[in-house]
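Bear in mind the structure is a predicted one, so any value in this text is a computation, not a measurement.
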Amino acid sequence: MSLTTESAVGHDELAVLKLLALEGGLEGDVKISCSHLADRLDASNQTASRRLQRLESADLLERDTVSDGQWVAITDDGERTLHAEYEDYRRIFESDSEVELDGTVTSGMGEGRHYISLPGYSRQFEDRLGYEPFPGTLNVDLREDSVRRRSAVSSLEPVPIDGWEDDERTYGPAVCHPATIETADGDSYDRAHVIAPERTHHDDDQLEVIAPDKLREELALEDGDRVTVSVGDRR
């Protein structure tokens, strides 16, 4: 289940979200009554109403109640949750699961160079990824459709990077996913990993990619260049 929903809604609410999507809730507002929804769910009107309330409280849908029903629309978070469910089923029925994300190369703040070089992380990179990363990350601003699709990465099996601490502070855990970078010219690099803090949706519109080589030089990349990042299960 998506991190967005894991503490707020359960499988019953996700079933309602799916029904609303099938009735057009991803395209815009759709009008629905609790009695109609209750019939579809084989449940009481009160149960249908509670499930809608929970979805609204979790910011997965928006509602506007009127005299003869309510207008509902699935939010971006709701769409990301449905994408994550879809990717779970893909993993069940398809042997090769990966998520393709499109974006443009951008300059970061330089923080990646510092954190990647810290000994508590670098030892784990060498042990679990099989290489010492170049001290810096390739930053990719995702296109809008890829921002929505990114939640599907949570259904892939990651390489965990444990949190650790030194005398000054505690450093949080992270997850890495194997990734292949392909440029608009067709050049590719397949020894990279997408890295992100564990259990967070912070900066969903940007990817950070690490590799044993400087990706900007290996792929002749500059700010604004289009790339496709194919993210897969741990190898």
Side-chain angles (χ1 to χ4, degrees), residues 1-9 11 14 17-18 21 26 58-60 74-106 108 111-112 115-116 121 124-125 128-131 133 137-163 172-183 188-212 215 219 226-235:
M1 187 187 302
S2 154
L3 293 175
T4 305
T5 65
E6 65 182 1
S7 62
V9 302
H11 295 294
L14 291 178
L17 197 64
K18 182 182 72 172
L26 288 174
D59 295 325
L60 301 187
I74 296 173
T75 64
D76 289 343
D77 281 346
E79 184 173 353
R80 282 192 285 268
T81 297
L82 288 171
H83 270 295
E85 291 293 299
Y86 167 69
E87 291 298 332
D88 282 343
Y89 282 108
R90 281 191 60 193
R91 292 188 67 199
I92 293 172
F93 294 110
E94 299 177 18
S95 57
D96 296 322
S97 221
E98 69 176 18
V99 180
E100 286 193 357
L101 304 173
D102 298 316
T104 56
V105 174
T106 185
E111 294 180 352
Y115 284 101
I116 287 172
Y121 288 131
Q124 295 184 70
F125 292 144
R128 300 179 186 184
L129 305 184
Y131 60 82
T137 61
L138 179 71
N139 296 278
V140 179
D141 277 337
L142 296 178
R143 292 174 48 183
E144 183 177 349
D145 57 342
S146 289
V147 172
R148 294 193 296 268
R149 197 182 309 129
R150 181 177 182 169
S151 64
V153 173
S154 65
S155 70
L156 303 175
E157 185 179 2
V159 179
I161 302 298
D162 300 328
V175 292
C176 293
H177 290 90
T180 297
I181 317 298
E182 184 173 351
T183 70
S188 65
Y189 185 101
D190 63 2
R191 293 191 63 202
H193 286 79
V194 169
I195 185 169
E198 188 178 52
R199 291 188 295 274
T200 183
H201 282 284
H202 181 63
D203 291 338
D204 269 353
D205 59 348
Q206 188 171 94
L207 289 181
E208 288 189 276
V209 185
I210 60 174
L215 290 171
L219 296 172
R226 291 280 301 274
V227 293
T228 296
V229 183
S230 298
V231 187
D233 284 309
R234 66 182 297 174
R235 296 165 185 163

Say whether, by atom type as modelled, one donor and one acceptor occur between the side chain of Ser188 and the main chain of Ile181 under 3.5 angstrom.
no

Counting only N and O atoms by type, is there a donor-acceptor contact under 3.5 Å from the side chain of Asp233 to the main-chain atoms of Glu157?
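The answer is yes, because a donor-acceptor pair under 3.5 Å joins these two groups.
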
side-chain hydrogen bond (donor to acceptor under 3.5 Å, both in side chains) evaluation trace for Asp102 with Thr228
CA-CA 5 Å; Asp102 298 316; Thr228 296; 2.7 Å; yes

Atom [atom1] in [X], atom [atom2] in [Y]: separation rounded to 0.5 Å?
X      : Y      : atom1 : atom2 : result
Thr104 : Arg143 : OG1   : CZ    : 10.0 Å
Gln206 : Leu142 : CD    : CG    : 8.0 Å
Leu60  : Leu14  : CG    : CG    : 8.0 Å
Lys18  : His11  : NZ    : NE2   : 12.5 Å
Glu100 : Ser230 : CD    : OG    : 4.0 Å
Glu98  : His177 : CD    : NE2   : 12.5 Å

Provide the closest heavy-atom pair for [X] versus [Y] in the form atom of the first, atom of the second, distance.
X      : Y      : answer
Pro158 : Pro160 : O-CD, 3.5 Å
Ala174 : Ile195 : CB-CG1, 4.3 Å
Ala152 : His83  : CB-O, 4.3 Å
Pro133 : Ile116 : CB-CG2, 3.7 Å
Val194 : Val209 : CG2-CG2, 4.3 Å

For side chain to side chain contact (heavy atoms under 4.5 Å, CB included), just list the numbers for Glu182 and Val227, CA-CA rounded to whole Å, side-chain angles, deciding distance to a tenth of an Å, and then say yes or no.
CA-CA 6 Å; Glu182 184 173 351; Val227 293; over 6 Å; no

In terms of the angle between their ring planes, are Tyr121 and Phe125 parallel, tilted or perpendicular, with boundaries placed at 30° and 60°?
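Taking Phe125 first and then Tyr121, their aromatic rings lie parallel (interplane angle under 30°).
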
Can we say Asp76 and Arg80 salt-bridge, meaning some charged N sits less than 4.0 Å from an Asp/Glu carboxylate O?
no

Using a strict threshold of under 4.0 Å (side-chain N to carboxylate O), is an ion pair present between Arg128 and Asp162?
yes

So [Y] and [X], do their side chains get closer than 4.5 Å, heavy atoms only?
X      : Y      : result
Tyr189 : Thr180 : no
Thr106 : Val140 : no
Leu17  : Leu82  : yes
Arg150 : Leu207 : yes
Val99  : Arg149 : yes
Asp145 : Arg148 : yes
Val159 : Val175 : no

For Glu208 and Thr137: C-alpha separation, side-chain torsions, deciding distance, then whether side-chain hydrogen bond (donor to acceptor under 3.5 Å, both in side chains) applies.
CA-CA 6 Å; Glu208 288 189 276; Thr137 61; 3.3 Å; yes

Single hit among Cys176, Pro178, Pro212 for side-chain contact (heavy atoms from CB on, under 4.5 Å) with Leu129
Cys176

Kindly indicate, with the supporting measurements, whether the criterion side chain to side chain contact (heavy atoms under 4.5 Å, CB included) is fulfilled by Ile210 and Tyr131.
CA-CA 10 Å; Ile210 60 174; Tyr131 60 82; 3.8 Å; yes

